[in-house]
Amino acid sequence: MLAEKRATSPMEVMGPRDEKEYEEEEGSVSSTMRTAETLLRLVPVGLCVAALVVMLKNSQTNDFGSISYSDLGAFRYLVHANGICAGYSLLSAIIVAMPRPSTKSSAWTFFFLDQVLTYAILAAEAVSLELLFLAYKGDAAVTWSAACGSFGGFCRKATASVVITFVVVACYAVLSLISSYKLFSKFDSPCGQPRQGH
């Protein structure tokens, strides 16, 4: 009498060795993603420090008077925002680099902090850019003359700091997208309750 053939699943056909190789490959992809995110979080550290140092050293004295970044609130805000973002980027890169499973609370924390710091550095960039525009072009309606004709060196350093900060904003925008994807692809939204039947 012939024994009846039992239906086999695809995983059984592949065998235990192939399943193990599949898990190792999945772990390798996860490790690559973690490395890429860690590097992307480290990039703003150097950029923020560079923008901060350029602005901190930005002062000029000539026959027209003297000016320093600390005389202007927008540039002081830019310095503080870059300092906070540099610290957060370094700390978050260290945490992301540690190989451990992602939890819902950590995913929400990264999502929230990435969003807050993205908007903070974007606001610092926007107000500094507006101030630079007024310094270069002036505003005839409020009799604000262009200051960069008299303080060209100051304006050039401020422009360099603002340009570097623009790259930081781009990095944080990408980080916000990554943390959003990691959160909402693995976990439900807080108000994602199933609807009751009518």
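Note that the structure is predicted; figures quoted are calculated from it, not measured.
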So how far is it from [X] [atom1] to [Y] [atom2], rounded to the nearest 0.5 Å?
{"X": "Leu117", "Y": "Phe112", "atom1": "CG", "atom2": "CZ", "answer": "9.5 Å"}
{"X": "Met55", "Y": "Phe154", "atom1": "CE", "atom2": "CZ", "answer": "6.5 Å"}
{"X": "Phe75", "Y": "Ser68", "atom1": "CZ", "atom2": "OG", "answer": "10.5 Å"}
{"X": "Asn82", "Y": "Glu125", "atom1": "CG", "atom2": "CD", "answer": "9.0 Å"}
{"X": "Leu90", "Y": "Ile95", "atom1": "CG", "atom2": "CD1", "answer": "10.0 Å"}

Report task. Take Arg41 and Asp114 through the salt bridge (charged side-chain N to carboxylate O under 4.0 Å, His left out) test and state the conclusion after the steps. Result -> CA-CA 10 Å; Arg41 288 184 179 277; Asp114 285 350; 2.7 Å; yes
Judged by modelled atom types alone, do [X] and [Y] share a side-chain donor-acceptor pair under 3.5 Å?
{"X": "Ser106", "Y": "Thr103", "result": "yes"}
{"X": "Ser161", "Y": "Tyr69", "result": "no"}
{"X": "Asn62", "Y": "Ser150", "result": "no"}

Query raised in the report: Do the cysteine sulfurs of Cys155 and Cys148 sit under 2.5 angstrom from one another?
Result: yes
**Report entry** Closest non-hydrogen atom pair between Lys182 and Glu37, with its separation
**Finding:**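 Closest heavy-atom pair between Lys182 and Glu37: NZ-OE1, 2.7 Å.
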**Report entry** Side chain to side chain, Thr118 and Val169, heavy atoms closer than 4.5 Å
**Finding:** no
Report task. Quick one: do Leu72 and Arg76 satisfy side chain to side chain contact (heavy atoms under 4.5 Å, CB included)? Show the steps, please. Result -> CA-CA 6 Å; Leu72 304 163; Arg76 286 197 310 269; 5.9 Å; no
Requested in this report: May I ask you to check whether Tyr172 and Tyr119 place their ring centers less than 6.0 Å from one another?
Outcome: no
Query raised in the report: So with a 6.0 Å cut-off around CZ of Phe166, is the heavy-atom count from everything else above 12?
Result: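 Check fails, neighbour count at 12 or below.
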